[in-house]
Protein chains: 2
Amino acid sequence: MGKSTRSHSQTRRGAPESISIEAVARKAKVSTATVSIVLNGKGERYRISKATQERIKDVAKKLNYEPNPVARSLRLGRTQTIGFVIADLANPFFAELATTLERLCHEHGYLLQISASGDDVAMEEEIIRNFVAKSVDGLIIATSHEESDFLSDIASRTPTVFVDRKIKGSNCCWVTSDNYESAKEAIRRLIDKREFREVAYIGGAPSLSSNIERLQAYENVLEEAGVPVARRIVKEGAFTCDAGKAAMSDIIEEIGRPPDAVFTASYTLLEGALAELKRRYGAAQPDIAIATYDDHPLLDYVAPPILSVRQDCPLLAESAFSILTSMMSGSSGLQRIIAPARIIQR
Amino acid sequence: MGKSTRSHSQTRRGAPESISIEAVARKAKVSTATVSIVLNGKGERYRISKATQERIKDVAKKLNYEPNPVARSLRLGRTQTIGFVIADLANPFFAELATTLERLCHEHGYLLQISASGDDVAMEEEIIRNFVAKSVDGLIIATSHEESDFLSDIASRTPTVFVDRKIKGSNCCWVTSDNYESAKEAIRRLIDKREFREVAYIGGAPSLSSNIERLQAYENVLEEAGVPVARRIVKEGAFTCDAGKAAMSDIIEEIGRPPDAVFTASYTLLEGALAELKRRYGAAQPDIAIATYDDHPLLDYVAPPILSVRQDCPLLAESAFSILTSMMSGSSGLQRIIAPARIIQR
DNA sequence: TTGAAAGCGCTAACAT
DNA sequence: ATGTTAGCGCTTTCAA
C-alpha cells in the first residue's frame, strides 16, 4: 500500500537516521505490534514464540533500535519524567535535594526535570504549567510561592509533593524539616553563648511556612529566656541573598551599629548578611555571634564561627520521592513527613 | 464517521480534562487545520478571514486551550528544549552556569533540561542518549567525560556546545575559561606571597583539558620562578570532593607534614582538601597558603585567606547559548570561545 | 478562504 | 501465535 509516499511531512527535521519500530518489524518479518509486544517484555503474555522473540530482539539490537519516547508519551499519556521545581539552583540546599532526587529517579526509571523559578511567582506558574502540559508523571515542588489556588488545583490533578514548605489549609502532601524545633535549638544555643544586647532575626518571605516556623521559634526562645523581642530588628522579606543584605543593612541603620547576635533563616540570607557586613566594615569584621538555618561545608572554616542547622536533604528527598511514588501508583492518602534536622555547633 | 468510539485506547490515563485542538475546532465551527494555522500566527499567510481568526482565538481562550507539546514534538521532530549535561549539581560553578542558561532559554522560548551525571561516564552517556531520543533541539555539555567517539558522533548530528572542557582532536564547538593564563596568574600570586618549601598541586581527571591546562600553568610558573616541581606532590584524580581529600592525604603522607602551599584545580577539590586538613589537624589548622580555581562567596570569610580564580559564568553561559542558537538555526562553522577569568586576591 | 486527510512512532484491543 | 488497525494531538500539503 505504498507507505513510502513522502509527499506530506517532508518539512520536519527529526533525527537524521532514527530507526522506527517499523524498520525493525520489516527486517524481522513481523508486524509492528509484535515488535512492540516483545520489546516491552510482554512476549510471554501474548505467547509469542521463542524463535520470533529472539529474532526480533536480535534485529532490534543490530539496528540499534531505541523506541521514540515522544511517540510513546503521546500514546501512553505519560512520560517517565518527574518535574522538580525550585526557587534557585545556586542555593546549595536545593542543589543537594536535586542530587538525591536525581539518583532516586534514575534508579526507578524516571528522568528528573529540574527547573528554577528564580523566585518569581509568575515564572514558577509557567514552569509548572509547562511541566503539566508535557505530561510529567509527578511533581516535586520546593518553592517560595505564596499560598495559591493554582497549586492546589495542580496538586489535585497531578501527583504532587511539596518539599520545604507547606501549603496552608489544603490537603496537599508535603515533606519538610522540623523547622520549629531545630530553629529553636539553634537559637537557644546561640543566646547561650554569652550575654547579648540584642539578637536580630533575618527571615524570608513572611507567608512561607518555613519562615513562619523559624520566626516562631525565635520569638519563643527569646521569650523563654526573658530576652525582649524588638520588632525593629526582626526583618522578613525573601529567601534571597539580596534580601539578606538589605535586612542586615536595615538592622544596622536601625540600631546605629551592628547587632550583637543574629539568626538568619536560610543559607542565602546568611550569605547576604555577611556580604553586607563586609561591605560596611571590610576586614575589620565586628564581633557578631551568628547562627543560621542551613549548613554549608565551608562554614567549618569561616570566622567568626557560625552555628548552623543542617537539614537532612537525603531524607527529605527520599521521603518526597517515596510519597510521590505511592501517589503515582494510585494512593490518594494524605502523606506528610517532618524530618529532623541537626544542629552543627560552632 | 463516528469519531467518538472509545473502544480503543481507553487504557491511557492522560490528563483528565485536557482540551484538544479538535474541541476548539468543533466549537469554532472550523477544521482543526484552520485552528492550528491561526493559533500558530499563520492566519495572514493562509488568508484566513479576520472574523474566523477572532472566533478561533476567542474559543481557544475561553476553553483555555493549550496545544499538547508532546503531540507537537512528535509531529515537528523538535521540542523547544535544550539539554544541559553537567557532572554535579552541587558544584556551584555548574549551578551558576545553569542559572544563566535557564534565564537565556526562557527568554528565547526554550526549556532547559538539566541532568547531572554524578561524574559517571556511563550515566552521562545514558543521559545524552536520553536527551537525543527525546529530540532536544540542542545540547550543552559541561562534563568530566573523557574524550569519546560517542560525543563526537552526537555533536555531529545534534547541535552541541561543550563548556568547560574541550574535546581533543575533533571539530566540536566549545566555550571555556582561559584556564592556562588565569591559573598561571593565580599560582604566580600564590608563590609570590612568601618563600615556600613546596607548592603542591591537586588536580582533576588527568585527561580533561581543564586539568591539563591548569597543571601546565602550574608547571610553567614554578619553572619560571625556579621552583622545582616534585611529581610526588602533584596529584590528579577527579574533580570531586573525595578526590580532593585523597589527594591532600597522599601529599601529607608523602612529605610527612602538610605542604606549605597548595593549588587546587577546582572548588570541589578545595572543599575536599580543606576537609582532609580539618580531619587531620582539627582546630589547629596548619599554616598553609592556598589558591584555588573557582571562587565561592564564602571564601571571603574563610581563614586562612584563599586566593581564587573566578570564572565568568554569565559570559560562559551566554557564549555557549549564542553559539548553540546559531547552530540550531543552521550554521555549521566551528565556533570556539575562550573567556577571561578573574583573580580574586586574598 | 477553508477543509480533508496523511502521518509523526508507538501501543493495545480485537481479529484471525 | 501473530497481524490489522485505530488513535494519542498536532501540522501541513493539497484540493476545493
Side-chain angles (χ1 to χ4, degrees), chain A residues 1-15 18-26 28-53 55-56 65-79 133-135, chain B residues 1-15 18-26 28-53 55-56 65-79 133-135:
Chain A
M1 63 176 257
K3 255 233 161 182
S4 54
T5 25
R6 263 287 178 189
S7 62
H8 290 65
S9 321
Q10 75 281 52
T11 26
R12 61 179 284 282
R13 250 185 357 106
S18 80
I19 39 284
S20 75
I21 197 172
E22 212 198 303
V24 179
R26 213 160 28 219
K29 302 208 183 305
V30 291
S31 74
T32 59
T34 312
V35 175
S36 173
I37 286 165
V38 170
L39 261 29
N40 283 314
K42 299 178 183 165
E44 299 315 317
R45 181 153 13 130
Y46 280 79
R47 295 137 54 122
I48 308 295
S49 74
K50 274 270 165 270
T52 309
Q53 294 207 38
R55 188 154 34 89
I56 291 175
Y65 168 69
E66 288 290 343
N68 179 327
V70 179
R72 201 157 200 278
S73 295
L74 180 60
R75 177 66 232 244
L76 260 24
R78 56 183 158 79
T79 49
K134 288 207 171 157
S135 306
Chain B
M1 61 179 263
K3 256 231 158 185
S4 54
T5 26
R6 262 286 177 191
S7 63
H8 289 66
S9 320
Q10 75 283 52
T11 24
R12 60 179 284 281
R13 246 182 2 102
S18 81
I19 41 282
S20 74
I21 196 173
E22 212 197 303
V24 179
R26 214 160 27 219
K29 303 208 183 303
V30 291
S31 73
T32 59
T34 313
V35 175
S36 173
I37 286 165
V38 169
L39 261 28
N40 283 313
K42 298 180 183 163
E44 300 314 317
R45 178 145 23 121
Y46 281 78
R47 298 140 52 127
I48 308 294
S49 75
K50 275 269 164 270
T52 308
Q53 295 207 36
R55 189 156 33 93
I56 290 175
Y65 169 68
E66 289 289 344
N68 178 327
V70 179
R72 201 158 201 276
S73 295
L74 180 59
R75 176 65 232 249
L76 260 25
R78 56 183 159 76
T79 49
K134 287 207 172 157
S135 305

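All chains are named by letter (A, B, ...) in the order of the sequence lines, taking the proteins before the strands, and each is independently numbered beginning at 1.
In this structure, the nucleotide among C:dA5, C:dC8, D:dT4 sitting nearest to the side chain of B:Leu74 is C:dC8. If you check C:dT1, D:dT12, D:dT5 against the side chain of A:Thr32, the one that comes closest is D:dT5. Each of C:dG9, D:dT2, C:dA12 was ranked by its minimum atom distance to the side chain of A:Ser49; first place goes to D:dT2. Nearest to the side-chain atoms of A:Tyr46 among the listed nucleotides C:dG3, D:dC10, C:dA12 stands C:dA12.
To the nearest angstrom, P of D:dT12 lies 9 Å from CZ of B:Arg45. What separates CD1 of B:Ile21 from P of D:dT12 is a distance of 11 Å, to the nearest Å. Taking atom CD of residue B:Glu66 and atom P of nucleotide D:dC10, one finds them 10 Å apart after rounding to whole Å.
Within the 4.0 angstrom heavy-atom criterion, only backbone atoms of the sugar-phosphate kind lie near B:Thr52; the bases stay farther away. Among the protein residues, B:Arg47 comes within range of the nucleic acid bases, having at least one heavy atom under 4.0 Å from a base atom. Residue A:Ser20 is in sugar-phosphate contact alone, with no base atom involved, counting any heavy-atom pair closer than 4.0 Å across all strands shown. Among the heavy atoms of the strands, none lies under 4.0 Å from B:Lys50.
Sequence order on DNA chain C of the closest nucleotides to A:Thr34 and A:Val70 puts A:Val70 first from the 5' end. Looking at which nucleotide of DNA chain D each of B:Ile37 and B:Ala71 is closest to, the 5′-most match is held by B:Ala71.
Residues passing the side chain to side chain contact (heavy atoms under 4.5 Å, CB included) test with B:Ile37 are B:Lys42, B:Tyr46, B:Ile48, sequence neighbours excluded. Qualifying side-chain hydrogen bond (donor to acceptor under 3.5 Å, both in side chains) partners for B:Ser73, counting only residues two or more places apart in sequence or in other chains: none.
For the residue pair A:Ile21 and A:Thr32, the shortest heavy atom distance occurs at CD1-O, 3.6 Å. For B:Val70 against A:Ser135, the heavy-atom pair with the smallest separation is CG2-OG, 4.4 Å.
For A:Tyr65 and C:dC10, the shortest distance from a side-chain N or O to OP1 or OP2 is below 4.0 Å. Side-chain N/O atoms of B:Lys42 include one lying less than 4.0 angstrom from OP1 or OP2 on D:dT12.
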